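Data first, discussion second: the structure below is written as structure tokens.
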Amino acid sequence: MENINKVEKKWQDYWDEHQTFQCGKEKGKQPYYILVEFPYPSGSGLHVGHVRSYTAQDAIARMMRLQGYDVLYPMGWDAFGAPAEQYAIKNHIHPKEAVKENIQTFKGQMKSLGFSFDWSREFSTTDPEYYKWTQWQFLQFYKHGMAYKDKIPVNWCPTCKSVLSNEDAAGGVCERCGSVVEQREKSQWMLRMSDYAEDLLTGLSDTNFADRVKLGQINWIGKSVGAHVTFQIDGHDKNFTVFTTRCDTLFGATYCVLAPEHQYVLEITTPEHMDEVKAYIQECAKKNEMERTELNKDKTGVFTGAYAINPVNGDKIPIYISDYVLASYGTGAIMAVPAHDDRDYEFAKKFHIPIIQVLEEETGTPHENEKEKQSIVAVVHDPKKDQYLTINWKDKGGRLFVGGTRKNQEDAVACAKREIQEETGYTDIELVCEDFTIRHHYYAYNKDQYFAIEATPLLFELKSDKKVSQKLDPDEDFEVEWVDRSTIEKEVKDELHKKSFEYVLNPGAMTGDGTHVNSEFLNGLHKEDAINTMIGWLEDHECGKQQVNYKMRDWIFSRQRFWGEPIPMIHCPKCGWVPMKEEDLPLLLPDVAEYEPTEDGESPLANIEDWVNCKCPKCGGDAKRETDTMPNWAGSSWYFLRFMDPHNTKEFASMDAMKYWNRVDWYNGGMEHTARHLLYARFWVQFLYNIGLVPHKEMIWTRVSHGMVLGSDNQKMSKSKGNVINPDDIVKEYGADTLRTYEMFMGDYQMDAPWSTDSLRGCKRFLDKVERLKDKINDQEGYSEKLEPIQNKTIKKIEYDMMHMGYNTVISSLMILANAYDDMESITKEDYHLFLTLLNPIAPHITEELNEQIGYSPICEGEWPIYDEEKTVENTKEIAVQVNGKVRATIEISIDDDEDMIREKALSCLNVMKHIEGHEVVKVIVIKGKIVNIVIR
RNA sequence: GCGGGUAUGGCGGAAUUGGCAGACGCGCUAGACUUAGGAUCUAGUGUCCCAGACGUGCAGGUUCAACUCCUGUUACCCGCACCA
């Protein structure tokens, strides 16, 4: 098409002039709300990644409008935030100006791509008319006791001079600038999001989020059910509480650990340990989170000199402090059970703390009337040959290690040494490790007896080949063989011996399920029952109770920045914190030229005296404003509600408008926002619901996430890699429709896909071909009969695929349809118009233009075609005939052929006959309309 | 370590319920039309020892039939990461 950009502009202007995409105007249509994450208007302009998701949602919006829905597809700007502030500081302009410029760029780009947004609903989170309501909602949080100020250790970015949320400081580095985050104490506004942990979890069942999105939410909330257990401190009139998910292992607790920041540490530390403890605490304070959570870090810690009393057995167990216990999770204190927790195991090994096994893994099947025995499984390793000593019982038991029963008073090691000597003759061996016992059930045929044995796995190292003669019973008929590891993995079949080998080769805590031992009233119980029994015991003895814990904490809601919504709170020396009067909102940001953060980390607003000084709304006395602003996540937590009623000056959105649109039917965004933004937004909405301001507890029904557009080198696009594609360049050279078509065609929408300019050209060729098809138009009326099946099938497929995000197959089926048109001598005008309508949601400009050229009224004002199910079925079909699962022929079947007929046809194929000749036909499977399989012998 | 995802030609990727693997596009090869081709058209294009056999990361299993279901395993990607 000549001058593609001019044609595109023509139709963009047409849509603007006719307000084609304004919604909510007509009564009686079914509303449908399609949402894409509104962008942060950065200085670098629209990314091809934006184009991908906006086009996808645009295609659905355009199709559904033609189908008669009242489609809300809005766009706005999430424009508060650090980059705009930084940019403004650098260029000595107000961030407002920078944002205005960027919005203009973004909007221009979006228009040039023909997205069918309802621009009449546009707003920016930085508009006072919008952030007035963000502030108003903050006041509601405050008034309902959901916002509070608290002095807490916070993540401090020394470069941005700002406090960061845990989320923004993920991994111990500032998300914005990458600096290493420090810990500081600061008074911060907080929202009680943790109160909503359970509701946020259960609310997921009222949504249709993709599974991976739901999982992201669940993991972030991090629920764990466990117990609180209270430990008395020996010699003190004090106790402390630990959180544990495994209170069933309490009999195995051999020490406790407090976080270095725990309030009791200095009080309980004995004088002789004080110096060491203080030094350790200091060391930890210096370390930032990054260092503390460093990979594979060795456990560190010190003994306080104090002891705790284990409530179940009265044992005195040492109290340590260590930074592997986090002050911020649970109670900041743990009971340590080294036998059954990996971290405790590691710590206990390092500090030589006793390890008590209280849980035995079980193998085999339990049976009545079992005889109890204690036994060993001894693995002997020869380091010189890297082989293991086995006993090959051949068909009388296969390959095993040395095993045997413990005699009276004999310990496991002695027993193992004796058995090794008796069965193999080796004597010069050294114990490497003795692992946790395993409970094994088996049946001994020779004794006609069921046994339950407690077996100790042991590992020895062979020092030399020194041997004495074996001492065998007459019935002991086996070969002693040294074999390597792979042979053992293949040939040792016995469950107990297999497990034992695994145990001794990878010694560590036993964290799985099993049977309790050494645990008095829990003995014999499995994990689940034991936990319940123990909780009952703890509650009866008033030293513990069931407790649920969440990883998710309260939301730190303060930022020491200029470019955010001011928090509408006033501090009065007499009245304390006082909320602003609602009628005084919005609290505007001042128009000043300087807003660098202060050195001590106060918000830039603190420097602006005119602004800070005010009167107390309660007593009228001199007071000061809060100078912190809200985090970036605030404005984006409710913007989708505002789109339903964007010009309302009395409410953030009217209940009527929200009831009309009902909720966001389909929300698309990046995977990177599916955890945090979505959680904040849901929390915000649930709160509004609880105070009666929105119609549903969950206002977002479906949430999907798109894959990234990668550079042609398969790497994330970035300026430094030089692989960035600017959508403007593509639009200019190939046109918006080509870019849109390509981005929909490039691959599975939910997965990352690399950019390919070659493939883009292919899409251009496709659109050119569509244009050329116009030359085939004849002067006949209606649809070409020959094309009707494929036309109807294509309509059906496109509808299905669109709603299932199969955009790439939407286009491939359109390509197939185009090829079918191309194979025709000629096509009718109606055929052509149909094709243009189907392609229109993806490529709206060129289809409108061609449609106009053949004399039709605009597609955007027309209707989506309705397919005829009957016509999607073709009269004849070719199906495959298999012989023993291999395709040997194809046959043509007619729609009314019955099974016998099809069987007949299949069996009479020449090639099929050749393959069944001389064989017996066992059966013939006929799957109607699909396949015939002839099974022969 | 935990959680999730992915693996199919030279490339991007199809295969809705187990039913002809490789749709569609790119790239490539040959030819046609052309002064020309980054235009268009025609034919071809998984591999091989090519009447056939083998092929969806690898090893098994279920089935008349497996990319699809089950068991085990490897690699890569993403998220979380001492969460008791």
Side-chain angles (χ1 to χ4, degrees), chain A residues 170-171 211-213 215-216 218-220 222-224 226-227 242-247 249 257 259 289 292-297 299 322-326 328-337 340-344 346-347 549-553 671-672 674-675 707-708 712 714 741-742 745-748 750-766 768-769 772 797 800-801 804 806 808-816 818-819 822 878-890 911 914 922-936:
Chain A
D211 282 347
R212 63 173 175 170
V213 174
L215 255 152
I218 291 167
N219 288 342
W220 202 272
K223 178 176 180 170
S224 72
V242 304
F243 174 70
T244 175
T245 53
R246 293 297 305 272
C247 64
T249 61
V257 187
E289 196 134 344
R292 273 176 77 154
T293 60
E294 214 173 306
L295 262 151
N296 297 329
K297 196 194 63 162
K299 294 274 178 294
S322 171
D323 63 359
Y324 86 91
V325 172
L326 307 174
S328 51
Y329 183 76
T331 60
I334 62 156
M335 66 180 213
V337 184
H340 305 291
D341 181 280
D342 291 321
R343 294 150 302 178
D344 300 346
E346 207 186 310
F347 190 88
N549 235 324
Y550 302 93
K551 274 195 259 184
M552 194 181 72
R553 332 247 165 98
M671 203 53 209
E672 68 276 17
T674 48
M708 272 186 297
S712 51
N714 242 310
T741 306
Y742 169 60
F745 187 59
M746 70 194 316
D748 183 335
Q750 297 193 73
M751 284 205 273
D752 295 351
W755 180 270
S756 157
T757 303
D758 276 339
S759 279
L760 173 88
R761 285 198 195 101
C763 291
K764 169 81 174 136
R765 281 206 281 271
F766 165 62
D768 289 346
K769 183 179 197 164
R772 278 198 310 276
K797 181 163 172 56
Y800 182 90
D801 285 355
H804 292 82
N808 52 344
T809 50
V810 165
I811 292 169
S812 82
S813 53
L814 281 165
M815 286 171 169
I816 293 167
N819 291 343
D822 204 25
E878 202 175 71
I879 65 164
V881 181
Q882 299 181 327
V883 178
N884 276 358
K886 295 205 168 70
V887 180
R888 298 300 179 188
T890 55
N911 199 35
K914 210 164 74 191
V922 181
K923 62 176 156 177
V924 179
I925 293 150
V926 179
I927 309 294
K928 244 194 137 194
K930 296 241 162 122
I931 205 161
V932 179
N933 193 8
I934 301 161
V935 186
I936 59 169

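In what follows, chains carry the letters A, B, and so on, assigned in the order in which the sequence lines appear, proteins first and then strands, with residues in each chain numbered from 1. Owing to the predicted nature of the structure, the values given are computational and were not obtained by experimental measurement.
Nucleotide B:G38 holds its P atom 17 Å from the NZ atom of A:Lys764, rounded to whole Å. In this structure, A:Trp220 places its CH2 atom 18 Å from P of B:G3, rounding to the nearest Å. A straight line from CE of A:Met815 to P of B:A14 spans 14 Å, rounded to a whole angstrom. Separating the CG atom of A:Asp341 from the P atom of B:C2 is a distance of 13 Å, rounded to the nearest angstrom. Rounded to whole angstrom, the span from the NE2 atom of A:His804 across to the P atom of B:A15 amounts to 12 Å. Rounded to whole Å, the distance from NZ on A:Lys886 to C1' on B:C50 is 16 Å. Rounding to whole angstrom units, CE of residue A:Met552 and P of B:G79 are separated by 21 Å. To the nearest angstrom, P of B:C80 lies 11 Å from CG of A:Asn219.
Residue whose closest nucleotide on RNA chain B sits further toward the 5' end, between A:Gly222 and A:Ile811: A:Ile811.
A:Lys551 and A:Asn219 share no side-chain donor-acceptor pair at under 3.5 Å.
Remark: RNA chain B takes part in the stems B:1-7 with B:74-80, B:10-12 with B:24-26, B:27-32 with B:40-45, B:46-48 with B:52-54, B:57-61 with B:69-73, each of 3 or more antiparallel Watson-Crick or G-U pairs, criterion distances under 3.5 Å.
The cationic atom of A:Lys299 (NZ for Lys, CZ for Arg) does not lie both less than 6.0 Å from the six-membered ring centre of A:Phe347 and within 45° of the ring axis.
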Identify all pairs in which a protein N or O lies below 3.5 Å from an N or O of nucleotides 27-30 of chain B, and state each distance.
{"residue": "B:G27", "atom": "OP2", "partner": "A:Arg765", "partner atom": "NH2", "Å": "2.9"}

Tabulate protein N/O versus nucleotide N/O from nucleotides 6-13 of chain B, keeping only pairs under 3.5 Å, one per line.
{"residue": "B:G12", "atom": "O2'", "partner": "A:Met746", "partner atom": "O", "Å": "2.4"}
{"residue": "B:G13", "atom": "O3'", "partner": "A:Asn808", "partner atom": "ND2", "Å": "3.3"}

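Across B:A21 and B:A53, the matching P atoms stand 12 Å from one another, rounded to whole Å. Taking atom C1' in both B:G61 and B:C11, one finds a spacing of 34 Å when rounded to whole Å. Between the C1' atoms of B:A51 and B:U56, the separation comes to 27 Å (whole Å). Comparing the P positions of B:A65 and B:G10 gives an interatomic distance of 29 Å, to the nearest angstrom.
Listed by chain and number, the residues in a side-chain hydrogen bond (donor to acceptor under 3.5 Å, both in side chains) with A:Lys928 amount to none (sequence neighbours excluded). With sequence neighbours excluded, the residues satisfying ring pair (Phe, Tyr, Trp, His ring centres under 6.0 Å) with A:Tyr742 are A:Trp755.
In terms of phosphate contacts, A:Tyr324 brings no side-chain nitrogen or oxygen within less than 4.0 Å of OP1 or OP2 of B:A84. Using a 4.0 Å cut-off, some side-chain N or O of A:Arg772 falls inside it from OP1 or OP2 of B:C41.
Scanning all heavy atoms of the two residues, the minimum distance from A:Gly885 to A:Asn933 falls at N-OD1, 3.1 Å.
A:Thr809 comes within contact range of the sugar-phosphate backbone alone, with a heavy-atom separation under 4.0 Å but no base atom that close. Heavy atoms of A:Gly330 sit nowhere under 4.0 angstrom from any nucleic acid atom.
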I need a per-nucleotide contact map over nucleotides 16-22 of chain B, read 5' to 3'. Cutoff is protein heavy atoms under 4.0 Å; write B for the base, S for backbone only, - otherwise. B--BB--
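Residue side chain A:Lys299 reaches the base of B:C82 through a donor-acceptor N/O pair under 3.5 Å, judged by distance alone.
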What's the verdict on salt bridge (charged side-chain N to carboxylate O under 4.0 Å, His left out) for A:Arg765 and A:Asp768, showing C-alpha distance, side-chain angles and the deciding distance? CA-CA 5 Å; A:Arg765 281 206 281 271; A:Asp768 289 346; over 6 Å; no
